[in-house]
Student: 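Sharing a structure with you now.
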2 protein chains.
Amino acid sequence: MTPTQTPDITHPARSEERLSSGGQAVLDVAAGLFAEKGYDATSMSEVARGAGVSKANVFHHFRSKHQLYLEVIREACRDSSAALRQGRVSGSTVTEQLSAFLAHHLDTLLRREQVSRLVVREVMESSPEGGKELAEQVFFEGFSELVAIVREGQESGEFRRDLDPALLAHLIISTNVFFFQSRNVLRHFPFVDFADDPRRFVKMAGDLLFHGCLTAPSAEASSGTVGHPSLPVNPQEKVHD
Amino acid sequence: MTPTQTPDITHPARSEERLSSGGQAVLDVAAGLFAEKGYDATSMSEVARGAGVSKANVFHHFRSKHQLYLEVIREACRDSSAALRQGRVSGSTVTEQLSAFLAHHLDTLLRREQVSRLVVREVMESSPEGGKELAEQVFFEGFSELVAIVREGQESGEFRRDLDPALLAHLIISTNVFFFQSRNVLRHFPFVDFADDPRRFVKMAGDLLFHGCLTAPSAEASSGTVGHPSLPVNPQEKVHD
DNA sequence: TTCCATACTGACCGATCGGTCAGTACTATT
DNA sequence: AATAGTACTGACCGATCGGTCAGTATGGAA
């Protein structure tokens, strides 16, 4: 699968350098195609055609198909990571912060659907070694921050102390990513009505997660009804804004 | 991508029929290869070689590469679905039932790693129409049952009545599937110590989910049901606000 | 003007892909 | 013995794949 690795003499496309406009066009087209059709199903001729250049020119900018793919992944992850971080600002409570994070994260996933699928695919198919690279170079920052927020919530007494912060962080990501992944299937279950309403989903899921990690779930007077098992029938309790 | 659809005259490999031993061998090999390397990266010659037959013989048993793939998916899902259902038996409490389900489901995912990845991949890449097929023909039964269990828990007063049963069911699947998917990345985060301990993970995650959906999370005298919290800190201790 | 690196091209390469086909070997029925 | 249907094969096909190469156009530094 890996081609003969010529030592890249006179090859301009190094990892960090800025690309010429032609190279950037190629990269953009490739990102779209890889995301939409996957690695194997995307041909270099197709990329070239899409970018309006010759195939040989694509190989002029990128050493090989694989390197082009890596470059696409790199860029995609950079964007995705940056988008995640900016969800931090809002909210006084940690619960609110995480709530905002959930919403923003899912919104990002859905808005950048193709790239998201690309990244998720990369995570799923990653070998143990490849996983290490991804963990260290791509996801560490964002995930660390999430964990830090959870810890903050624990120290302030807002969250239970007996749970693993990383676990909650993982479950938060999990909630969104799996929703993103399974939408197309989920939508067709008759008893599922949130598949096409990400905002409602995120609210409900957040509610479910939080009342599992809040220190005092019984003390929530606002909705007032979480309490006692002896209560017969509760009128449909909505999670309101 | 789809080849010319010849109307399958004299072609023995119909969907429901039992396969000859040769055909089954081909299918088994194909399942392994598709799961390991994906659709495109698996060649029919490879399948043939692996099964110890000629390539022409593979095409004798299966109309096309795509049909072979579908057959593999069908079988994989059948197994997976059956494995899910048998987790039902145990547990008097609904909480215990779901707990057992979580453990059994994740165990199945991990034990049949390749096939699981195949199915997950199929879900993720499914088009809206393909998703409908999957929902109706593959996952409906298992998912319905999960939802039914949750509903049961609500009616018995064990679970909050104000949450969507399908949402909890979805989150349960989500928890396991995303763990399964992200293991190779997760493992490399320094503050994550559950990535290689699925049983512990499932216990912790279950605890988190349940205390979010139990009606009376404050009245947790029953420490035996969910299992012991792994961290030696006080559970559910209301620290000050 | 000369020089040289870079952007770019069309034609081409060997390999491999999914799939076909004519033909053989092996039954089981008539 | 003849027939018929199935399992199976090797040789082959056109298409497409990733990648190469010789060569041209361009533009800035000498």
Side-chain angles (χ1 to χ4, degrees), chain A residues 1-30 33-34 36-73, chain B residues 1-14 16-31 33-34 36-73:
Chain A
M1 208 169 234
T2 24
T4 16
Q5 200 78 330
T6 46
D8 84 276
I9 315 172
T10 74
H11 223 295
R14 312 289 286 169
S15 47
E16 291 297 345
E17 298 174 16
R18 208 82 301 267
L19 292 161
S20 64
S21 64
Q24 186 62 45
V26 168
L27 197 137
D28 290 342
V29 170
L33 289 174
F34 280 140
E36 185 188 348
K37 320 174 40 171
Y39 182 83
D40 292 292
T42 299
S43 75
M44 293 299 264
S45 322
E46 210 172 353
V47 172
R49 203 182 317 127
V53 299
S54 70
K55 192 174 66 161
N57 187 25
V58 175
F59 281 98
H60 170 71
H61 288 294
F62 302 92
R63 211 176 287 113
S64 66
K65 185 184 185 183
H66 186 71
Q67 200 226 345
L68 173 57
Y69 181 68
L70 288 185
E71 223 73 54
V72 166
I73 292 283
Chain B
M1 208 170 238
T2 24
T4 15
Q5 200 80 330
T6 47
D8 83 276
I9 316 171
T10 74
H11 224 295
R14 312 289 287 169
E16 290 297 343
E17 298 173 16
R18 209 81 303 265
L19 292 161
S20 64
S21 64
Q24 186 62 46
V26 168
L27 197 137
D28 290 341
V29 169
L33 289 174
F34 280 141
E36 186 187 347
K37 321 174 39 171
Y39 181 83
D40 292 292
T42 299
S43 74
M44 293 300 263
S45 323
E46 210 172 353
V47 171
R49 202 182 316 126
V53 299
S54 69
K55 191 173 68 163
N57 187 25
V58 175
F59 281 97
H60 170 70
H61 289 293
F62 302 92
R63 211 175 287 111
S64 66
K65 185 183 185 182
H66 186 70
Q67 200 226 346
L68 173 58
Y69 182 68
L70 287 185
E71 224 72 53
V72 166
I73 293 282

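Residue numbers start from 1 in every chain, and the chains themselves are labelled A, B, ... in the order their sequence lines are given, proteins ahead of strands. This is a predicted model, so every value here is computed, not measured.
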Student: Could you check if a side-chain atom of A:Phe62 sits within less than 4.5 angstrom of a side-chain atom of A:Leu27, using non-hydrogen atoms only?
Tutor: yes

Student: Could you pull out the closest heavy-atom pair between B:Val72 and B:Ala30, with the gap in Å?
Tutor: CG2-CB, 4.0 Å

Student: Please state whether the phosphate of D:dG18, meaning OP1 or OP2, lies under 4.0 angstrom from any side-chain nitrogen or oxygen of A:His66.
Tutor: no

Student: Is A:Lys65 close to A:Leu68 at the side-chain level, that is, under 4.5 Å between some pair of heavy atoms?
Tutor: no

Student: B:Tyr39 OH to C:dC17 C1': how many Å, rounded?
Tutor: 11 Å

Student: Within this structure, what is the CD-CZ distance for the pair A:Gln67 and A:Phe59, rounded to the nearest 0.5 Å?
Tutor: 11.0 Å

Student: Report each atom pair, protein N/O against N/O of nucleotides 9-15 of chain D, whose distance is under 3.5 angstrom.
Tutor:
from: D:dT9; atom 1: OP2; to: B:Ser54; atom 2: N; distance (Å): 2.6
from: D:dT9; atom 1: OP2; to: B:Ser54; atom 2: OG; distance (Å): 3.0

Student: Measure the distance from CZ on B:Phe62 to P on C:dT20 and round it to the nearest whole Å.
Tutor: 16 Å

Student: Please test A:Phe34 against A:Ile73 for side chain to side chain contact (heavy atoms under 4.5 Å, CB included), starting from the C-alpha separation and ending with a verdict.
Tutor: CA-CA 9 Å; A:Phe34 280 140; A:Ile73 292 283; over 6 Å; no

Student: Is the phosphate of D:dT16 approached by A:Ser43 (side-chain N or O, under 4.0 Å from OP1 or OP2)?
Tutor: no

Student: Using a 3.5 Å cut-off and no angle test, enumerate the donor-acceptor pairs between side-chain atoms of residues 41-53 of chain A and protein atoms at least two apart in sequence or in another chain.
Tutor:
from: A:Thr42; atom 1: OG1; to: A:Leu33; atom 2: O; distance (Å): 3.2
from: A:Thr42; atom 1: OG1; to: A:Gly38; atom 2: O; distance (Å): 2.8
from: A:Ser43; atom 1: OG; to: A:Glu46; atom 2: N; distance (Å): 3.1
from: A:Glu46; atom 1: OE1; to: A:Lys37; atom 2: NZ; distance (Å): 3.3
from: A:Glu46; atom 1: OE1; to: A:Ser43; atom 2: N; distance (Å): 3.2
from: A:Glu46; atom 1: OE2; to: A:Lys37; atom 2: NZ; distance (Å): 2.4

Student: Whole-Å distance between D:dA7 P and B:His61 NE2?
Tutor: 6 Å

Student: Of the listed nucleotides (D:dG19, C:dC8, C:dG18), which one gets closest to any side-chain atom of A:Lys65?
Tutor: D:dG19

Student: By nearest atom, which of the nucleotides D:dT20, C:dT20, D:dC17 is closest to the A:Phe59 side chain?
Tutor: D:dT20

